[in-house]
Amino acid sequence: YRLLEKQIGEKYTCNEIIQTLRKMNITKVADGYYTPSYTRTELTDDLHEMGGFHTDYQLLTEGSLQKICKKAGKKN
């Protein structure tokens, strides 16, 4: 989490990042479709920018979630 804190530019504490990540839930709304169930903030926007994907305003499919998980697992 400290590395993530530095990558975001040390604008947020590790505790803020951890709490935000824990609250970033996604809810299944129909077969194969998901929607975010968290409140968008400046921190979530910065996490999305850093990660190169957005789960905050898109209706997501299982395939798109798998791509996001795969991308998140890669090391830069």
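The residues of the chain are indexed from 1 along the displayed sequence. Since this is a predicted model, take the numbers as computed values, not measurements.
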| Can you tell me how far CD1 of I17 sits from CZ of R22, rounded to the nearest 0.5 angstrom? | 12.5 Å
| request: Enter the distance from I26:CD1 to T35:OG1 here, rounded to the nearest 0.5 Å. | output: 8.5 Å
| field | Distance-only donor-acceptor check, side chains T55 and Y38, under 3.5 Å | value | yes
| Do you know which of Q19, E5, E42 makes side-chain contact (heavy atoms from CB on, under 4.5 Å) with Y12? | E42
| Taking the side chain as C-beta and beyond, is there a heavy-atom pair between Y34 and V29 under 4.5 Å? | no
| field | Straight-line distance of T61 OG1 to D31 CG, nearest 0.5 Å | value | 13.0 Å
| request: Please examine the side chains of Q7 and L4, heavy atoms only from C-beta on, and report whether any two atoms are closer than 4.5 Å. | output: yes
| query | Rounded to the nearest 0.5 Å, how far apart are NZ of K23 and OG1 of T39? | reply | 8.5 Å
| Closest approach of R40 to D45 (non-hydrogen atoms, all atoms of both residues) | NE-OD1, 2.7 Å
| request: Please indicate whether K28 has more than 12 foreign heavy atoms, meaning atoms of other residues, nucleotides or ligands, lying under 6.0 Å from its NZ. | output: yes
| note | Here the gap from K6 atom NZ to I8 atom CD1, rounded to the nearest 0.5 Å, amounts to 12.5 Å
| message | Rounded to the nearest 0.5 Å, what separates atom OG1 in T13 from atom CZ in R2? | response | 9.0 Å
| task | Would you indicate whether the side-chain heavy atoms of H48 and M24 approach each other to under 4.5 Å? | result | yes
| Is atom NZ of K11 surrounded by more than 12 heavy atoms (other residues, nucleotides or ligands) closer than 6.0 Å? | yes
